[in-house]
**Student:** 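Would you mind keeping the following structure in view while I ask a few things?
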2 protein chains.
Amino acid sequence: MKNNQFAIRPTDFKDQLTELTEIGFLDKDNESETNPLQLWISFLSKSFLEDKTSSTFEETLKTYMATDDQNLSEYIDSATHVSVVAFYNVALQLLKFNPDVDFSFTDPLAAMEKIQLMVADHNGASFTIDELKSAWYWLLATHNKMGQTYIDSLASKGYFTKFYGQITKPMLFNGKTLPVFNPHKLIREVVYVESPQDSDHDGKRDLLKAEILRPSETENGLKVPVLYTASPYNQGTNDETGEKLTHNVNVPLTHKQPNNLKYSDIEYKNDNQEIPAPRKIDGETKKAEQDFSRESSYTLNDYFLARGFAVVYMAGIGTKDSDGFRTTGDPDETISTVAIIKWLTGQLPAFTNRTDNIKIKAWWSNQKVAMTGRSYLGTLATAAATTGVSGLKTVISEAAISNWYDYYRDGGLVIAPGGFPGEDADVLAEETFSRRLQPGDFHNIKSQWDDQIKAIQAGEDRTTGDYNTFWDARNYHKNFKNIKADVFMVHGLNDWNVKPRNVERLWNGIKHNGVTQKIILHQGQHIYINAFRSIDYNDIINLWLTHELLGIDNQAKEIIPNVIIQDNTKTENWTAYKDWDNAENQQVKYNLSSDKLSTDTVTPSTQSFQDNLDQPTFDNYAKHNDTWEHDLIAADKKLTDNQLIYKTDALSDNLTIDGKVHVQLKVSSSEDIGLLSFQLIDYGEAKRLTVSPTLLSKNSLAETYDWREDDLREFTYAQPTPFKMITKGHINLQNRENNYKVDELKPNVFYNIDVELQPTFYKLLKGHQLGLIVYATDFGMTVRGNQNIKYTVQANDSSLVVPIHKN
Amino acid sequence: MKNNQFAIRPTDFKDQLTELTEIGFLDKDNESETNPLQLWISFLSKSFLEDKTSSTFEETLKTYMATDDQNLSEYIDSATHVSVVAFYNVALQLLKFNPDVDFSFTDPLAAMEKIQLMVADHNGASFTIDELKSAWYWLLATHNKMGQTYIDSLASKGYFTKFYGQITKPMLFNGKTLPVFNPHKLIREVVYVESPQDSDHDGKRDLLKAEILRPSETENGLKVPVLYTASPYNQGTNDETGEKLTHNVNVPLTHKQPNNLKYSDIEYKNDNQEIPAPRKIDGETKKAEQDFSRESSYTLNDYFLARGFAVVYMAGIGTKDSDGFRTTGDPDETISTVAIIKWLTGQLPAFTNRTDNIKIKAWWSNQKVAMTGRSYLGTLATAAATTGVSGLKTVISEAAISNWYDYYRDGGLVIAPGGFPGEDADVLAEETFSRRLQPGDFHNIKSQWDDQIKAIQAGEDRTTGDYNTFWDARNYHKNFKNIKADVFMVHGLNDWNVKPRNVERLWNGIKHNGVTQKIILHQGQHIYINAFRSIDYNDIINLWLTHELLGIDNQAKEIIPNVIIQDNTKTENWTAYKDWDNAENQQVKYNLSSDKLSTDTVTPSTQSFQDNLDQPTFDNYAKHNDTWEHDLIAADKKLTDNQLIYKTDALSDNLTIDGKVHVQLKVSSSEDIGLLSFQLIDYGEAKRLTVSPTLLSKNSLAETYDWREDDLREFTYAQPTPFKMITKGHINLQNRENNYKVDELKPNVFYNIDVELQPTFYKLLKGHQLGLIVYATDFGMTVRGNQNIKYTVQANDSSLVVPIHKN
């Protein structure tokens with residue numbers, strides 16, 4: 001195992017003592033102790049929470065080895081000092097490292113260096129009393145083999161339950177909040193926020209249900225910050241009716257009528273519709289009228305629920321117990337998302353129920369809000385940030401969409417999110433329309449909902465795949481300039497559901513906003529990373545939110561690197577960088593010839609391929625997209641006529657691609673239609689990481705004592721593979737200029753195209769080859785017309801432009 | 001979805017009223033109500049736990065439809081009766097069924113019949129007041145779409161928290177205990193049971209750590225029954241050092257010296273070793289000195305922790321915090337397993353710690369114990385039962401080994417548990433030897449442990465694969481006659497880890513013991529089934545344990561069918577049978593000829609195949625056992641010379657195999673060694689169930705309010721496949737008589753063998769073909785010598801004998 005901790009806060013000795021005292025490791029009985037051995041025993045006795053008597057404590061001491069031939073009990077009886085070696089031998093055992101596997105008792109420090117565990121300062125071979133205090137402090141802040149700090153592992157054993165009910169403010173350690181709030185005393189309540197919109201056009205402002213969990217200490221005056229998750233899935237989904245709307249993708253690509261559209265022709269403009277007046281308020285209360293038993297929760301939020309944060313969930317317009325209609329990401333959805341923040345910060349009213357107009361304030365809120373969540377949830381966090389709403393201090397935007405066109409479309413084509421061919425904005429609207437789950441409510445709005453779905457279908461326009469007003473309304477880039485919240489981004493470099501362009505545009509789109517921005521890029525697909533062994537994600541977010549929402553000066557912004565990227569060639573390797581996809585990155589231009597990529601001059605040549613397949617092969621690939629994907633990259637004989645592959649020679653050095661690769665082709669189609677797909681490939685036998693994490697142990701990560709648990713996971717090596725797809729891209733040959741203007745395409749005439757592949761950060765190892773595959777139908781993402789089209793590439797007028805990372 | 005509930009207890013109306021009153025649905029305010037509509041409203045208001053005011057209750061009523069055009073609020077306002085249709089329309093919504101998918105408001109009863117939901121008696125189209133009470137009672141007992149009874153779903157919303165701390169005995173509903181005990185008040189304590197053995201030969205009786213969780217009500221005098229799980233994995237495992245011991249299986253089969261062993265020559269006899277005297281007791285207490293924070297728990301136990309049961313975990317000899325050595329299933333391990341039961345029933349002492357000899361009794365135990373757990377855990381439950389220990393009322397033996405020879409060996413061959421080639425008794429001993437995880441303890445016993453591993457390796461004897469004294473000591477069949485506990489068995493018909501013979505021997509081995517025996521056979525592999533949507537496993541076990549451990553006369557033994565088997569041809573279909581693998585089952589004998597199985601007379605023929613493969617093919621199969629398995633059954637050209645396949649014609653009717661298929665062959669080997677493997681195959685394109693369950697929703701099954709959760713799972717259809725393996729078997733041609741006597745094998749001489757394949761229950765559909773594959777090396781299970789051996793079958797002297805199920 002290799003430990004990567006980015007959230008350890010440098011802390012001076014005086015503050016260490018203060019914190020050790022506050023959490024109870026130093027107390028009046030041991031603070032004046034001058035014998036390091038005695039102090040060590042005292043620390044250990046406070047840590048062995050299971051042992052209630054001196055006999056059982058003594059027995060436990062015997063189960064640890066202090067040196068290679070003395071157990072801890074024997075060592076304590078015979079030693080006069082606490083040797084650094086003995087301390088760290090025991091520390092490694094406390095951290096669950098294993099002498100049979102991870103370290104040797106003769107040299108624990110060597111193992112600690114290798115595992116990347118922090119060793120405290122010491123001047124000699126033994127700790128002085130002050131050095132020992134400091135060493136214990138840093139041990140508490142160090143991750144164990146199960147991906148938890150030692151102090152969090154003590155918390156999961158009940159260390160902090162003694163503070164339950166005794167607390168009037170959050171307790172901190174090393175810049176992060178501690179679980180001193182009893183999660184079984186959480187207050188759960190429901191309110192209905194009145195949002196300034198009427199998305200179901202019933203003449204009344206939409207009421208939005210919000211589910212609140214807050215520490216019981218708020219009843220006694222504690223004001224708490226809020227983690228707010230807007231999750232359209234949260235009140236249930238319509239899997240079956242959603243599935244029914246899924247579109248057939250085995251349809252032909254059709255010719256589009258050329259046009260001369262300018263952006264202003266299709267630009268979405270706010271229609272400034274009149275909205276109904278607010279409800280008349282008939283009274284006010286501090287007491288809710290509804291509660292709930294089990295929210296559909298996000299484990300990161302669960303972690304913070306014991307740490308003095310309130311958590312609020314909202315599913316939004318068109319969901320169970322709320323008004324309105326689903327719109328899949330339009331401005332109405334942004335308004336509804338922001339409404340909750342406005343309520344939390346006193347800018348909008350909420351009611352205790354849907355009929356009596358009794359107002360209820362978020363009187364327990366400290367008016368500082370962060371948004372959390374992955375995928376659609378992170379998308380709404382991003383959307384909310386683009387309004388610049390006050391009170392929203394930061395968004396943690398994980399695997400989030402920043403432009404719905406980049407989710408469902410690309411380059412004038414319908415491009416499915418990976419794994420979901422035929423899904424579209426209408427399907428997602430239907431799936432999340434949980435008002436359907438309450439038949440008594442749904443009965444009244446059935447026909448309006450059918451109309452709404454039809455309107456979305458008309459707007460999304462699967463016929464052309466063009467960018468239009470519908471998509472412009474769902475493009476948050478336009479409002480990046482309004483972002484005032486600090487933005488913490490997390491994205492998978494192998495996320496082919498929400499493709500990396502979504503996060504890249506956000507990353508590079510707010511650099512002049514004057515906000516703090518952080519990004520973690522991992523090697524997974526569309527997953528969350530808050531239960532990994534090799535990176536201290538929870539700690540990082542704790543440090544971040546303690547700063548952002550509790551206003552604690554913990555240097556979070558300085559301590560957390562701006563860019564953390566997981567290495568694709570090794571397990572458990574995360575590196576801090578200054579930037580990602582920087583516009584100044586050096587570029588390498590590869591020329592194309594025959595089947596080669598090279599930086600040399602090339603002689604003229606053309607290569608052609610067809611798109612259609614015999615029907616059985618087509619049917620098989622349509623059913624088994626994975627097989628198609630494999631055969632494509634392996635250049636299986638079934639597909640050799642359907643693709644062009646260009647490869648570099650074996651690389652003489654490692655090569656790290658950093659940013660957006662461009663494919664510049666001169667190309668013709670035999671018809672008046674055409675689509676091209678591209679994959680950039682790493683060719684070379686190697687062990688590579690799985691893109692889905694491996695479950696290391698189920699339920700092993702407790703968010704605190706007797707509370708919810710998460711599964712510990714990690715990216716591990718899969719069986720060696722001869723290749724791996726790095727990134728990909730697509731274009732409709734009738735959208736050579738942009739995604740809204742349709743160009744003429746004459747059969748057999750050569751045109752120049754420039755296609756930006758999805759951004760990446762990828763290390764190719766020495767000896768591997770970089771490859772480019774040019775093909776047409778992408779069985780996982782494009783329409784699959786199986787049409788008789790032949791494409792020809794004028795190789796000598798084509799190139800591949802690759803941005804390079806130099807450190 | 002199809003609901004299968006086997007644990008609904010027929011209950012007369014008077015008892016229904018008593019129970020409805022006890023749980024609070026009937027009370028002084030509504031018990032005299034004469035208007036069914038008013039009573040229905042009262043029941044609903046007690047069920048809508050989230051709604052704290054009449055306004056929110058009224059709002060919730062509006063979200064349900066009562067008829068196809070009236071919501072529940074409108075219906076209540078306008079109706080004069082509670083129509084059966086309206087009641088069940090609402091009931092289906094309460095049970096989370098969906099009008100868009102599962103039922104229609106015009107005929108809910110048709111859907112209920114299809115889904116197999118119980119409809120209460122009624123004489124007219126509307127319910128009388130008594131009929132309504134009864135209908136509500138049965139609704140509470142009915143499963144919802146998420147695999148929980150409605151009353152358990154109310155429990156998960158907090159319905160029973162009002163009883164926390166108010167309870168002096170378990171509360172029952174429909175014969176099953178209710179979650180009226182606060183799981184966050186559980187008392188957790190550790191004791192050290194003194195077992196009458198000295199398995200590490202240190203001159204002292206082994207102390208065994210037991211972890212206890214018991215309701216806090218026991219402190220006030222409540223005596224509770226115990227669910228006891230003996231789990232060697234429970235204190236941690238040594239995955240890395242276990243892995244290191246894993247044996248190379250790419251080794252040749254070797255000739256064995258013929259012998260004339262009789263059973264009495266290899267029989268294990270108890271050596272009646274002297275054991276050290278018990279410790280002198282230096283005092284007694286009711287208070288433990290150690291606790292623990294989070295046990296490694298089994299979700300079935302978690303379910304019962306809120307329901308008035310104590311749960312005890314023990315890892316056993318050779319595990320962390322206990323004495324002794326791991327033995328992998330020998331009589332010493334049985335003694336240690338039983339020691340905990342003896343402590344729980346007052347027959348053995350336990351101590352508060354390992355040094356002070358202060359005795360602590362299980363003073364809170366009602367002295368009735370059940371054992372639970374899957375795999376090794378269920379194995380130890382079976383082992384404990386074979387001692388006839390008093391106090392052990394029942395064992396729930398899931399996917400359990402009943403003879404370790406049937407786990408690691410078969411027919412004179414080393415046969416790996418599926419998926420674990422190279423694993424053996426020594427590997428498992430090392431993996432579970434968690435004393436290694438406490439270096440201070442391990443340090444003192446390291447060399448003795450090395451000796452113990454060597455002794456196991458000598459005993460298991462991978463060279464011959466023969467049954468010997470080592471295995472006889474680990475064969476629980478010998479002591480089946482002593483079983484006095486009722487036995488509840490659960491096993492997967494696709495479990496190739498613990499193969500079905502293990503459960504079949506137990507099922508058929510205790511029929512004359514005079515105990516009650518039940519069995520559930522599912523279509524999964526080595527899994528547990530207590531979180532499936534289609535079968536009420538938790539309810540069944542609740543009914544069972546309420547009877548067995550609480551002594552409640554709930555007719556559990558009569559209500560629960562003796563045999564429940566999941567259909568392999570349809571999802572969510574479970575059927576009650578009288579017996580499984582009954583010796584009286586009719587048999588069909590198929591003759592072999594060329595490539596056919598038929599009941600006709602056949603003409604003489606021989607067929608031959610070889611065992612060796614070219615090296616690349618061999619290496620590929622050795623690495624990818626799944627590919628080998630697929631190619632074998634598909635008769636891929638890579639393997640056509642390495643197998644014989646005999647198939648019936650397409651079946652003219654469904655055929656259900658019930659029991660142990662026998663392959664009777666006249667066969668020769670070209671060498672003086674030989675092994676044969678057999679697979680019985682269902683040939684025919686069909687959608688088949690996945691053998692690993694599909695996750696339907698994570699954490700959606702709460703064991704009760706604000707407590708642990710389980711993932712809801714179900715066997716679903718995989719993609720259609722052209723074939724499926726039904727069962728398999730293996731034999732060493734030198735073990736033609738039995739597994740301990742070695743026979744001569746002369747090259748090219750024909751011998752008769754009779755091989756019993758693993759027992760099964762399998763329905764072949766009309767039009768399919770039954771196939772038998774004869775081959776040698778089984779890449780997933782046997783040694784893989786890649787030896788140049790040719791086998792020849794005299795087909796006309798060979799046959800396949802198939803037991804048939806007739807209903």
Side-chain angles (χ1 to χ4, degrees), chain A residues 49-53 55-56 58-59 61-66 68-69 71-74 89 93 98-101 105 156-158 184 190 238 240-241 287-294 320-321 352-356 358 436-444 623-624 699 702 705-706 708-709 719, chain B residues 49-53 55-56 58-59 61-66 68-69 71-74 89 93 98-101 105 156-158 184 190 238 240-241 287-294 320-321 352-356 358 436-444 623-624 699 702 705-706 708-709 719:
Chain A
L49 295 159
E50 297 87 352
D51 299 322
K52 310 295 182 192
T53 65
S55 293
T56 52
E58 182 63 29
E59 278 297 321
L61 289 179
K62 286 183 196 159
T63 66
Y64 290 82
M65 291 298 278
D68 62 352
D69 63 357
N71 70 36
L72 182 50
S73 171
E74 294 163 345
N89 275 334
Q93 292 167 73
N98 190 323
D100 295 308
V101 182
F105 290 120
S156 73
K157 291 183 176 173
H184 301 296
V190 170
N238 304 311
E240 292 95 344
T241 53
K287 202 170 154 51
E289 296 187 21
Q290 262 185 334
D291 67 7
F292 56 96
S293 53
R294 178 59 161 111
K320 184 168 160 289
D321 290 323
T352 56
N353 65 47
R354 305 173 52 84
T355 43
D356 297 339
I358 306 297
R436 183 188 286 280
L437 297 174
Q438 290 186 321
D441 177 29
F442 177 57
H443 180 71
N444 302 322
K623 217 158 95 182
H624 302 288
N699 287 343
Y705 175 73
D706 187 25
R708 294 175 184 161
E709 297 159 336
Q719 292 289 321
Chain B
L49 296 159
E50 297 87 350
D51 299 322
K52 308 297 180 191
T53 65
S55 293
T56 53
E58 181 64 28
E59 279 296 320
L61 290 179
K62 287 182 195 160
T63 66
Y64 290 83
M65 291 298 279
D68 62 353
D69 62 358
N71 71 37
L72 182 50
S73 171
E74 293 162 346
N89 275 334
Q93 292 167 72
N98 190 324
D100 296 307
V101 182
F105 289 121
S156 73
K157 291 182 177 175
H184 300 295
V190 170
N238 304 310
E240 292 96 343
T241 53
K287 201 168 155 51
E289 295 186 23
Q290 261 185 335
D291 66 8
F292 57 96
S293 53
R294 179 59 162 112
K320 182 169 160 289
D321 290 323
T352 56
N353 65 48
R354 304 173 53 85
T355 41
D356 297 339
I358 306 297
R436 183 188 287 279
L437 296 175
Q438 288 185 324
D441 177 30
F442 178 58
H443 181 72
N444 301 322
K623 216 158 95 179
H624 302 289
N699 287 343
Y705 175 73
D706 187 25
R708 294 174 185 163
E709 296 159 335
Q719 291 288 320

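Residue numbering restarts at 1 for every chain, and letters A, B, ... go by the order of the sequence lines. Reckoned from all heavy atoms, side chains included, excluding hydrogens, waters and symmetry mates.
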**Student:** If you take all heavy atoms of B:L49 and A:D291, which pair is closest and at what distance?
**Tutor:** O-OD1, 3.8 Å
**Student:** So which atom in A:E59 and which in B:T355 form the shortest heavy-atom distance, rounded to 0.1 Å?
**Tutor:** OE2-CG2, 2.8 Å
**Student:** Highest number of heavy-atom pairs under 4.5 Å with chain A: which of B:N353, B:N71, B:T56?
**Tutor:**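 Ranked by contacts with chain A, first place is B:T56.
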**Student:** What pairs with B:D68 under salt bridge (Lys or Arg N to Asp or Glu O under 4.0 Å), at least two apart in sequence or on another chain?
**Tutor:**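 In terms of salt bridge (Lys or Arg N to Asp or Glu O under 4.0 Å), with neighbours along the sequence ignored, B:D68 is linked to no residue.
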**Student:** Heavy-atom distances under 4.5 Å only: say whether A:D51 touches chain B with side chain, backbone, both or neither.
**Tutor:**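 Both parts, backbone and side chain.
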**Student:** Could you report the tightest heavy-atom contact between A:S55 and B:E289, atom names first, then the distance?
**Tutor:** CB-OE1, 4.0 Å
**Student:** Could you tell me which of A:R708, A:E240, A:M65, A:K62 has the largest number of non-hydrogen atom pairs under 4.5 Å with chain B?
**Tutor:** A:M65
**Student:** At what distance, to the nearest 0.5 angstrom, does OG1 of B:T352 lie from NZ of A:K52?
**Tutor:** 14.0 Å
**Student:** Where on A:E709 is there a heavy atom nearer than 4.5 Å to chain B: the side chain, the backbone, both, or neither?
**Tutor:** side chain
**Student:** B:F105: which residues meet the ring pair (Phe, Tyr, Trp, His ring centres under 6.0 Å) condition with it, sequence neighbours left out?
**Tutor:**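 Applying ring pair (Phe, Tyr, Trp, His ring centres under 6.0 Å) to B:F105 gives B:F103.
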**Student:** Given the options B:H443, B:H184, B:Q438, which has more heavy-atom pairs under 4.5 Å with chain A than any of the others?
**Tutor:**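 It is B:H184.
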**Student:** Under 4.5 Å from any heavy atom of chain A, what part of B:Y64 do you find: side chain, backbone, both or neither?
**Tutor:**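 Backbone only.
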**Student:** Could you check which of A:D100, A:L61, A:V101 has the highest count of heavy-atom pairs closer than 4.5 Å to chain B?
**Tutor:**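 Sorted descending by pairs with chain B, the first entry is A:D100.
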